[in-house]
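Per chain, numbering begins at 1; letters A, B, ... match sequence-line order.
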Amino acid sequence: MNLLLDVRDLCVAYGKVEAVHRVGLQVEQGRIVTVIGPNGAGKTTLLAALMGMLPARGSVNYAGEEIMRVEAERRVSRGLCLVPERRELFAAMTVEDNLTLGAFHRYRKRDKTVGEDFERVYQLFPRLQERRRQMAGTLSGGERQMLALGRALMSRPRLLMLDEPSLGLAPLIVRDIFRVIAGLRDKGVSILLVEQNARAALQVADYGYVLETGEIVVEGPSAELASNPRVIESYLGFVSVNAA
Amino acid sequence: MNTEIALFLIQDGLTNGAIYALLALALVLVFAVTRVIFIPQGEFVAYGALTLASLQLGKLPGTAWLLLGAGLAVAAVELVQALRVRALRRIPAIILKFIIVPVFLVGLVWWAAPQKPALTLQIVLALALIVPLGPMVYRLAYQPLANASVLVLLIVSVALHFAMTGLGLVFFGAEGSRTPPFSDAQWKLGVLTISGQSLWVVGASLALIAALLLFFEHTIYGKALRATAINRVGARLVGVSPAMAGKLSFTLAALIGALSGILIAPITTIYYDSGFLVGLKGFVGAIVGGLLSYPLAAAGAVLVGMLEAYASFWASAYKEVIVFTLIIPVLVWRSLTTHHIEEDEE
Ligand SMILES: Nc1ncnc2c1ncn2[C@@H]1O[C@H](COP(=O)(O)OP(=O)(O)OP(=O)(O)O)[C@@H](O)[C@H]1O
Ligand SMILES: [Mg+2]
């Protein structure tokens, strides 16, 4: 077992209100791990804290090092990358500039291989190539999701954290996005996936956690979770009993 | 008024307007990236002019001591921080950047100044002393307050303006200086006489604006600054730290300020406190662009230059009043035409 991310006793609070309480979570190298849970459970908060965008208590060990005191920008250059729920694209800049900035830390290190990644991202999302001179703010919702994912890939992440990548997408595109996610794992990228679409998430993931009001209530291999009565009732609906 | 005077005033207005445009661009840049209204911008203008004047007299400029002092202060702050997070590996770099390099620069100027090198070299030396002050000022005064409101940052700016004016008095004294022009050439163009220095000012300003444009459009750091201005959270997520962006924008502001001072030093007599008014006129230009739009800010600044030239002809006693009164119709016009832009909450 090769742990890339090992989180223990993580607590995150907004003022006095604790949104994430003593969460423990592990991601093995090259695996997809999903966190599912109802609205307001603290999933977004958890990812933001792991990225270093929110102050937190506890321990976060990444690639064998404690990174709790490391700033977000430094985490990026160590291969941690977050696609946030609100995407946070650079609206008044072109699609291409957004992708370029995704590779900012690599340009800083004079990495000569950034060009290859442009091609790879454009191959994955041909739509982005067609619109590479368009301002990011004028893209459609689906194109924006592609750009957010593309920008993240430009940083060559080791651990990619995705906050609801299927939010607001048509079913066909959702399938595409999940195919991309599975493809990334096959290339060795580890993924921490937060999803409302629990069925799709459990299908693609290797392991899953259920977060409710800031605490992990159930965890296990995805297949096990998918047949857990409690999970079925709350997150998959009754239909899946027959479907599974 | 005859054509000759009208044309002369246009030349005068354009020359000053070019300088105001540079300062307006720097103000917009600093505000967009850091939300700081950089009032001490003008002090960099005065420092630029006075440093060059000292160098031309073969003296070590007072800015040298300022650079050493600021370097020591930044080194102290950074060392305390490094010790606090136990990042001992950073210590050699801190000592190199904030103590050894400033000492080296000051040593270089101390050695070179009495030999009265060529004007170009003097300008390079002056810039070498002043430009590093930009990021140091950011590190000391603004970086610890990165999350403060625009108002708090403005108060810091006002305080810093007084501090830097005072230091200017200490290091340069109360007398004004004027440097010889870059070129004595004069051209007759019909009834108008164009002075070489005016051409220098306008030409250098245009070149600098073009260079800035290329920097923002085509370099990764230029894009990083734009990204920070557009979306700070997004910028952090791709690894652009607000502190880095802040230091970079202050470096550019210091460079623009010092160069502006060097360019106008042969046109007007500069005192330790002259920078403020010059900077304020750039600020009026920047307000025309709502502190957001670069082209509007530059256009506004040229307008300020023109207005000033004509005001000094018709009512020279009220020159400054007229120029600064411009801000009232501009603000009325802006408040009628623009929607309020919410300050982004993070
Ligand atoms: N900036 C904030 N200040 C105060 N409370 C916040 C803030 N952001 C989130 N919260 C609260 O923290 C809790 C967890 O929010 P979070 O956004 O992490 O939930 P989530 O699991 O991502 O929900 P969703 O599925 O709706 O995206 C919620 O109760 C929310 O109201
Ligand atoms: Mg969320």
Novice: How long is the gap from OG on Ser59(A) to CZ on Arg8(A), to the nearest 0.5 Å?
Specialist: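 Answer for the OG-CZ pair, Ser59(A) versus Arg8(A), is 7.0 Å.
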Novice: What part of Ser155(A) is in contact with chain B, defined as an atom under 4.5 angstrom from a non-hydrogen atom: side chain, backbone, both or neither?
Specialist: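 The answer is neither part of Ser155(A).
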Novice: Between Arg74(A) and chain B, which part of the residue has a heavy atom less than 4.5 Å away: side chain, backbone, both or neither?
Specialist: side chain
Novice: Just say parallel, tilted or perpendicular for the rings of Tyr142(B) and Tyr138(B), cut-offs at 30° and 60°.
Specialist: parallel
Novice: Flag the one option from Ala152(A), Ala103(A), Ala92(A) with the top tally of heavy-atom pairs under 4.5 Å to chain B.
Specialist: Ala92(A)
Novice: Are Phe44(B) and Phe250(B) near enough that their ring centres are under 6.0 Å apart?
Specialist: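 Between Phe44(B) and Phe250(B), the centre distance exceeds or equals 6.0 Å.
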Novice: Under a 4.5 Å heavy-atom cut-off, does chain B meet the side chain of Leu89(A), its backbone, both or neither?
Specialist: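 Backbone of Leu89(A) only, per the 4.5 Å heavy-atom cut-off to chain B.
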Novice: Side chain, backbone, both or neither: which part of Ala229(B) has an atom under 4.5 Å from a heavy atom of chain A?
Specialist: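 No part of it gets close to chain A.
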Novice: What part of Arg75(A) is in contact with chain B, defined as an atom under 4.5 angstrom from a non-hydrogen atom: side chain, backbone, both or neither?
Specialist: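 No part of it gets close to chain B.
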Novice: At a heavy-atom distance under 4.5 Å, which candidate from His105(A), Arg151(A), Met53(A) has the highest pair count against chain B?
Specialist: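 The answer is Met53(A).
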Novice: Run through Val7(A), Leu47(A), Thr34(A), Leu82(A) and flag the one making a side chain to side chain contact (heavy atoms under 4.5 Å, CB included) with Leu192(A).
Specialist: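 Among Val7(A), Leu47(A), Thr34(A), Leu82(A), the one that satisfies the side chain to side chain contact (heavy atoms under 4.5 Å, CB included) with Leu192(A) is Leu47(A).
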Novice: If you measure from CG on Leu208(B) to CG on Leu213(B), what distance do you get to the nearest 0.5 Å?
Specialist: 11.5 Å
Novice: Quick one: does NZ or CZ of Arg131(A) land under 6.0 Å from the six-membered ring centre of Phe125(A), within 45 degrees of the ring axis?
Specialist: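 Judged by the rule, Arg131(A) and Phe125(A) form no cation-pi pair.
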